[in-house]
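What follows is one structure encoded as structure tokens, with my remarks underneath.
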Amino acid sequence: MKPAVAVRPRSLQRAAQQLAHAPAPRAAAQMFVKANKAYKANEPPGRNALAKTLFPSSSPAAPVTDIRDHLTRAGSATTSTASASASVSASVSTTVSTSTSASMAASFSTSRPLQDRTSSALMQQQQQQQQQQQQRQHQQQPTTGQLMTLYKQSDADAKSQAAVHFTADDFSDDENIMLDFKAPQAASKPKPTPRPQADIDALPSLPDETPPATQDMLPWSSSPASHYFPPQPKPNPPTASLKRDSSGESQSMGAPAQKKKRVLPTSFHADYVEHQAVSAAARVSSSSKSSTRMWEASDIQERKKQFKSQQAARSESQVPDRQPEPDYDYHEAAPAVAKSHDAAKGDAIHLSKEQEHVLDLVVNQGKSVFFTGPAGTGKSVLMRAIIKQLKAKYARDQDRVAVTASTGLAACNIGGITLHSFSGIGLGKEDAPTLVRKIRRNPKAKNRWLRTKCLIIDEVSMVDGDLFDKLSQIGRTIRNNGRPWGGIQLIITGDFFQLPPVPDADKKREAKFAFDAATWSTSIDHTIGLTQVFRQRDPQFANMLNEMRLGKISQETVDAFKKLSRPLEFKDGVESAELFPTRAQVESSNNGRLRNLPGKSNRYDAIDSGDPNIRDKLLANMMAPKSIELKIDSQVMLIKNLDASLVNGSLGRVIAFSDERTFDMTNTDEYDSAMDDAMAKARRKLKAFSREPEEGGTGMKYPVVRFISTDGVARVILCQPEEWKVELPNGEVQAKRVQLPLILAWALSIHKAQGQTLERVTVNLGRVFEKGQAYVALSRATSQEGLRVLGFDKSKVMAHPRVINFYGQLYSAEEAAAKRPRSITDFVANRKGTASTAVREVIDLDSDEERAAAY
Ligand SMILES: Nc1ncnc2c1ncn2[C@@H]1O[C@H](COP(=O)(O)OP(=O)(O)OP(=O)(O)O)[C@@H](O)[C@H]1O
């Protein structure tokens with residue numbers, strides 16, 4: 001029997017040959033349909049009859065001899081040239097990836113000449129249009145050569161795909177095949193030609209593209225002349241990101257329709273500052289200091305927002321909402337702020353080498369670290385940097401980082417919760433197994449234990465040693481992990497020479513320090529001693545404090561402290577804050593001073609929110625008071641960082657009360673009397689400028705405070721309410737307080753002063769009763785000039801013997817290491833009284849080398 005194709009008529013062979021060149025399934029299908037019809041019409045009689053005789057039931061001869069069936073045998077080029085060509089064609093169009101195949105189809109079909117030309121003019125016109133369109137498409141689409149290259153490139157990929165074979169039915173419904181082919185008529189629409197520039201120039205010029213204000217009716221078909229200009233790019237829509245400002249109100253950062261801030265006349269700014277900073281006679285117009293600050297009632301808000309948004313932008317999307325309280329930027333301060341700060345102080349805050357070392361150990365190496373060091377060595381600054389970076393690291397799971405501190409106040413300072421709240425142990429007096437059962441009954445607490453990867457503990461000197469052991473065991477049990485704390489990475493800081501754990505109410509046992517805990521040493525991978533003191537820039541003073549800290553006070557130091565009993569005098573009206581050990585002493589002192597001031601007082605009550613059952617307890621320890629009463633001349637302390645030089649701890653005096661719109665200098669006669677002409681003129685201008693509060697506004701008056709900023713320059717700001725939150729690691733807000741960021745500051749408790757930096761401070765050691773209190777109180781001061789010490793008694797400032805012993809062990813490790821020339825450390829150097837000249841470098845007390853040396 002001859003091969004089936006040999007009996008095919010010419011028309012079918014032609015179709016097969018064309019198929020070898022036919023690029024697209026649609027075109028091929030049409031040809032086959034046509035050829036098949038022709039074949040059937042010319043089919044020799046009797047052939048079907050013979051087939052039926054040979055294959056009575058299903059007659060396979062007919063399908064097999066149908067050329068379409070050859071397509072179902074792609075690759076089997078055993079029959080004829082035609083079928084081989086068809087196979088190749090099919091295999092090309094099927095092994096190339098779908099999009100390539102579709103593109104090829106489109107490309108070939110569009111380059112194919114039209115077969116059914118008519119003589120009518122209409123048809124010609126249509127064809128011309130189609131050809132134009134085809135040319136355009138052809139230019140946009142890859143050429144056959146490009147497609148073949150593409151095919152070769154994708155061949156390797158294509159081989160991994162299963163070959164697709166056409167079946168006879170594939171062409172029967174080719175009308176449903178979707179080809180990547182655009183209908184030509186859609187593209188035949190003429191493109192608008194751009195208007196020549198000359199025409200545009202000839203048009204009447206319009207201000208700002210705004211249609212001219214006219215009463216004339218425009219005919220409906222008229223376009224405003226501005227429409228003849230090429231379209232302008234649309235201004236960026238306001239960004240969708242909403243930022244929460246300090247008062248909790250959402251504001252669109254990019255939205256133009258922001259509340260307009262009141263800006264005072266420039267002349268007033270300059271003169272007022274000069275007046276405040278120096279006397280009129282001593283005014284030096286070129287002084288960078290004197291021109292630094294101004295009336296900042298609204299300006300400060302603006303800069304504060306800028307400062308916060310810059311911080312938020314730096315931490316970008318990685319750290320969405322829950323940043324710690326705004327603070328300095330550790331690497332680069334906000335440009336505007338840094339500029340003024342730098343101008344006055346000459347430096348910005350960059351983490352020191354040793355601070356960077358700790359940051360790296362914690363964030364990059366995932367080590368459990370305890371970093372310690374004398375007061376003012378930047379432990380809090382470093383801790384904030386660590387929190388920021390860990391939160392960025394775990395940006396997707398913020399609850400992986402738990403920020404805690406031993407006390408509510410310390411926790412508030414770093415935007416965290418107490419260690420007790422985190423762990424869900426209540427007072428934590430029971431034994432560990434009981435506490436585990438308690439936590440297991442509390443799904444939220446249990447979840448915190450399970451989710452936490454990094455646990456931050458600030459002010460560890462006040463964490464009880466037994467509590468430390470219990471928590472470690474709870475972590476192991478609940479997390480079912482035998483490693484210390486169940487494998488949680490610990491980041492601990494504090495200075496054991498500062499405030500010790502609060503003893504039991506019944507005082508049955510002496511306070512046990514965290515380093516006394518059985519699990520302390522196994523819980524910590526690295527103990528780092530920070531050595532560079534930032535708070536006190538005077539090396540002699542830093543050394544006096546260090547001697548006191550280590551319990552080895554020389555007679556020279558005793559004498560120097562005794563000299564500091566003289567009264568402090570400041571010409572700017574801001575006194576030093578006196579530190580007291582108890583809250584009662586503080587309240588009595590502050591209330592007495594307030595009563596003695598003339599004039600009426602303004603009272604500000606906090607707005608608290610959150611679960612009423614726990615809210616009051618959580619907010620009780622907050623720095624922001626539930627209520628504060630103020631009069632003109634009240635001495636206050638700022639309890640929030642507003643920018644780089646107005647920080648938590650800045651002291652100031654209330655000079656007026658005002659709302660945001662009205663500047664009211666009533667009762668500030670002393671300033672009036674000192675005003676020179678220029679100042680008085682500026683003042684008059686300002687009075688004219690001021691107006692009554694808007695209708696519907698609260699008209700609430702806030703204190704206008706003149707602060708002494710960290711750069712020693714007076715800055716006047718309108719203090720408006722700020723927000724404090726107590727949040728769980730998962731971001732759940734447990735309690736919130738909105739209050740002025742101020743406390744009365746003639747007197748402060750040592751407890752509240754812990755962690756603060758104070759430029760002016762008085763300490764009466766006669767009232768000190770606890771070890772560590774004297775050191776905390778004295779080490780708040782930045783200089784001897786700003787410190788007054790009453791009742792200095794060497795025995796009152798002695799450190800706890802166990803603490804001396806603990807640090808002594810660390811130092812001996814260093815001393816052993818110090819035998820090597822590169823390991824001279826400040827701890828050692830300070831003890832020898834050479835702090836200022838010692839070479840400072842990173843000390844990792846637990847590194848293998850150090851340990852070996854110590855051993
Ligand atoms: N890298 C730094 N560069 C410049 N100043 C710094 C740096 N680190 C900290 N400071 C400044 O030193 C002062 C003390 O910092 P910080 O409060 O962090 O010290 P601390 O060790 O936590 O003190 P304390 O133990 O008394 O609470 C602050 O005024 C802070 O701005």
Side-chain angles (χ1 to χ4, degrees), residues 324-333 337-338 341-342 345-359 370-388 405-407 409-414 456-462 491-500 528-538 541-542 545-546 548-549 579 623 638 641-651 709-712 748 750-759 761 763 772-783 786 803 807 826 840 842:
E325 287 178 28
D327 201 326
Y328 305 131
D329 178 72
Y330 313 103
H331 296 278
E332 39 171 318
V337 171
H341 184 59
D342 286 350
K345 214 176 178 184
D347 59 5
I349 292 198
H350 292 270
L351 289 190
S352 64
K353 195 178 160 198
E354 56 188 13
Q355 286 172 325
E356 289 279 5
H357 172 62
V358 179
L359 191 73
F370 164 55
F371 60 93
T372 183
T377 46
K379 296 183 294 295
S380 307
V381 165
L382 173 58
M383 190 53 110
R384 289 194 187 104
I386 288 173
I387 292 169
K388 189 172 171 182
S406 51
T407 67
L409 190 59
C412 271
N413 282 340
I414 53 168
I456 281 156
I457 307 176
D458 197 5
E459 300 290 5
V460 71
S461 66
M462 297 179 79
I491 303 102
I492 302 178
T493 193
D495 176 15
F496 288 109
F497 282 109
Q498 297 187 27
L499 298 182
I528 312 287
L530 297 179
T531 61
Q532 190 169 350
V533 178
F534 294 100
R535 187 175 289 136
Q536 294 87 19
R537 286 164 192 265
D538 164 12
F541 184 42
L545 291 173
N546 211 47
M548 188 181 151
R549 175 175 187 267
L579 300 189
M623 196 74 148
L638 190 61
N641 295 319
L642 297 186
D643 60 32
S645 67
L646 271 187
V647 296
N648 192 345
S650 295
L651 290 174
S709 63
T710 54
D711 43 24
L748 290 176
I750 295 176
H751 177 65
K752 277 198 174 170
Q754 190 174 28
Q756 302 280 1
T757 298
L758 300 171
E759 306 279 340
V761 56
V763 181
Q773 275 183 343
Y775 176 62
V776 169
L778 295 175
S779 61
R780 299 308 97 198
T782 54
S783 65
V803 175
Y807 279 90
D826 257 9
R840 291 194 168 99
V842 173

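Read the numbers this way: they start at 1 and go in the same order the structure lists the ligands and their atoms. Note that the numbering runs from 1 along the sequence shown for the chain. The structure presented is a predicted model; accordingly, all values stated were derived computationally and were not measured.
A distance-only check finds a donor-acceptor pair linking the side chain of Q355 to the backbone of G378 [under 3.5 Å]. In this structure a side-chain-to-backbone donor-acceptor pair under 3.5 Å is missing from E759 to G786. Side chain of E354 to main chain of Q532: a donor-acceptor pair is present (N/O by atom type, distance under 3.5 Å, no hydrogens or angles). Distance alone, capped at 3.5 Å, places no donor-acceptor pair between the D495 side chain and the T372 backbone. Not a single donor-acceptor pair under 3.5 Å links the side chain of Q498 to the backbone N or O of S461.
At least one heavy atom of G755 sits less than 4.0 Å from an atom of ligand 1. In this structure, Q532 has no heavy atom closer than 4.0 Å to ligand 1. Not a single heavy atom of D495 sits less than 4.0 Å from an atom of ligand 1.
The shortest N or O to N or O distance between Q498 and ligand 1 is under 3.5 Å. On a distance-only criterion, G376 and ligand 1 share at least one N/O pair closer than 3.5 Å. Between V381 and ligand 1, at least one pair of N/O atoms sits closer than 3.5 Å.
Comparing Q756, Q754, R780 against atom 26 (O) of ligand 1, the shortest heavy-atom distance belongs to R780.
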